[in-house]
Novice: 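One structure coming up, written as structure tokens, with questions to follow.
Lettering follows sequence order; numbering is per chain, from 1.
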Amino acid sequence: MSADNAYSRFVNWAKIILPLAALVLLSTLFLLARTTGDTTEIPFADLQEITSQQRISAPTISGVTNSGDAYQISADVAKFSQEDTDQIQIDSIAITINSATGTDIDLIAGTGEYDSAERMVALRNLVRITTTNGYVMETIGAWANLGTGDIETTGILEVRSPFGEFSAGHLSISRDESGAQQMVFNEGVRLVYEPQP
Amino acid sequence: AQTDIALGGIQADSSAPVEITADSLSVDQETGIAAFSGNVLITQGELRLSAGSVEVVYDDDSGDITRLIASGGVTFVTATDAAEAQTAVYDLADNTLNMTGDVLITQGRSAIAADSMRVNLATGKAQLDGRVRTTLTQQDNN
């Protein structure tokens, strides 16, 4: 019945070998599978801390001040204090205030306390304030009032400005009656300017 | 009338660092104008210029201060002379000081009044304009 020629013999052998090969392939599939990544274990101590208080990681809070400047607060971690839910403790806080008319102001600090009722942010441990018109100021602490958009420093400042570096006792950034944003450094300002030859 | 005098004791080298101290400095964010106010004192080498308020005119991209516009009563003191005026423009670029508004220069025993004075800080030469009046105080030798 079966014509005994090479082709038929080939087909008969194929009918046996191919399924076997398939079976071998299939079985090794699961042997060589990549091991899945190790599960990220959270150390128990952190677990204790995480669950003990409400916290958000990488939060952003945005809004608009009364004078129309849009602000955005971003941070690594925000923790809500138990007693007063308006108080938010923020680690490595960054605030950006884009004012409609004037320049934009960026504040970064080690920690910040945001009082959402008063819309005030207290910034601490090395506050750096940068404005788009070329001023970079560093101080130890500052207040940002997100209601009015005013900023007030609590420590002496070192300032790099478009025309040289100077130190000042205090800085307050606010809008004057005509709405123009003013930066006033007071309590003593000292600039040393090196004229380029 | 225009007279030239020499202000002694000026060795203003325009490359010496300029130090400005004041009570406060205010910067208008929109216009970028920066103005020191509150007993402002500018010192460069031997020169001392004190004024009520000083506006800083600087070149935006290079950051060089080109002019200091002092107003609110200016006194300019060198090692030997002193000059007072209402306003003054200290031009760092061409190293000149331009004082205007009832200028009074005291040199030793004589005092010279004028409407404006232009001092070349490199040479110490000063050029006075307007009603120039010199008063010499007699040596009282009694």
Novice: Write out all pairs satisfying ring pair (Phe, Tyr, Trp, His ring centres under 6.0 Å) with one or both partners inside residues 105-156 of chain A, taking only residues at least two apart or from two chains.
Specialist: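 Qualifying pairs, neighbours excluded: none.
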Novice: Under 4.5 Å from any heavy atom of chain B, what part of A:A180 do you find: side chain, backbone, both or neither?
Specialist: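 Looking at A:A180, backbone and side chain both touch chain B.
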Novice: Is there a side-chain contact between B:Q44 and A:P195 (heavy atoms, below 4.5 Å)?
Specialist: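 A side-chain contact exists here, since the closest heavy-atom pair is under 4.5 Å.
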Novice: Connecting only ILVMFWY residues whose side-chain heavy atoms lie within less than 4.5 Å of each other, what is the rest of A:V64's hydrophobic cluster?
Specialist: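 Members alongside A:V64: none; it stands by itself.
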Novice: Identify the two heavy atoms, one from A:Q182 and one from B:D28, that lie closest to each other, and give their separation to 0.1 Å.
Specialist: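 Of all heavy-atom pairs spanning A:Q182 and B:D28, the closest is NE2-OD2, 3.2 Å.
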Novice: Atom OG of B:S37 and atom CG of A:N186: how far apart are they, to the nearest 0.5 Å?
Specialist: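 Those atoms lie 9.0 Å apart.
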Novice: Could you tell me whether A:R128 atom CZ has more than 12 heavy atoms of other residues or ligands within 6.0 Å of it?
Specialist: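 No, the 6.0 Å shell around CZ holds no more than 12 heavy atoms from other groups.
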Novice: Hey, can you tell me if A:F163 and B:F36 have their rings parallel, tilted or perpendicular (30° and 60° cut-offs)?
Specialist: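 A:F163 and B:F36: perpendicular rings.
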Novice: Please flag which part of B:A35 lies under 4.5 Å from any non-hydrogen atom of chain A: side chain, backbone, both or neither.
Specialist: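 Looking at B:A35, nothing touches chain A.
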Novice: What's the separation between atom OG in B:S24 and atom CG in A:L171, rounded to the nearest 0.5 Å?
Specialist: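 So the OG of B:S24 and the CG of A:L171 are separated by 11.5 Å.
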Novice: By a 4.5 Å heavy-atom criterion (distance strictly below it), what part of B:V56 contacts chain A: side chain, backbone, both, or neither?
Specialist: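 Just its side chain gets close to chain A.
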Novice: Determine whether more than 12 heavy atoms belonging to other residues, nucleotides or ligands lie under 6.0 Å from atom CZ of A:R160.
Specialist: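 12 or below, so no.
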Novice: Can you measure from CD (A:E194) to CD1 (B:I65) and round to the nearest 0.5 angstrom?
Specialist: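 Rounded to the nearest 0.5 Å, the CD-CD1 separation comes out at 11.0 Å.
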Novice: For the residue pair A:F166 and B:L25, establish whether any side-chain heavy-atom pair is separated by less than 4.5 Å.
Specialist: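 Answer yes - side chains close enough.
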Novice: Is there a side-chain contact between A:P162 and B:Y58, using heavy atoms and a 4.5 Å cut-off?
Specialist: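 A side-chain contact under 4.5 Å exists here.
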Novice: Taking B:I105 as the starting point, is it possible to reach B:V132 by hopping between hydrophobic residues whose side chains are less than 4.5 Å apart?
Specialist: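 Cluster IDs for B:V132 and B:I105 match.
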Novice: Using non-hydrogen atoms and a 4.5 Å limit, figure out which bit of B:L92 sits close to chain A: side chain, backbone, both or neither.
Specialist: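 Interface part for B:L92: side chain.
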Novice: Report yes if some heavy atom in the side chain of B:V27 is under 4.5 Å from a heavy atom in the side chain of A:V159; otherwise report no.
Specialist: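 With C-beta onward as the side chain, the pair stays apart.
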Novice: Does the side chain of A:T131 reach to within under 4.5 Å of the side chain of B:Q29, using non-hydrogen atoms?
Specialist: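 Of all side-chain heavy-atom pairs linking B:Q29 with A:T131, at least one is under 4.5 Å.
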Novice: Would you kindly confirm whether B:M99 and B:I69 end up in one hydrophobic cluster when ILVMFWY residues are joined by side chain heavy atoms under 4.5 Å apart?
Specialist: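 They do not share one cluster, since no chain of ILVMFWY contacts under 4.5 Å joins B:M99 to B:I69.
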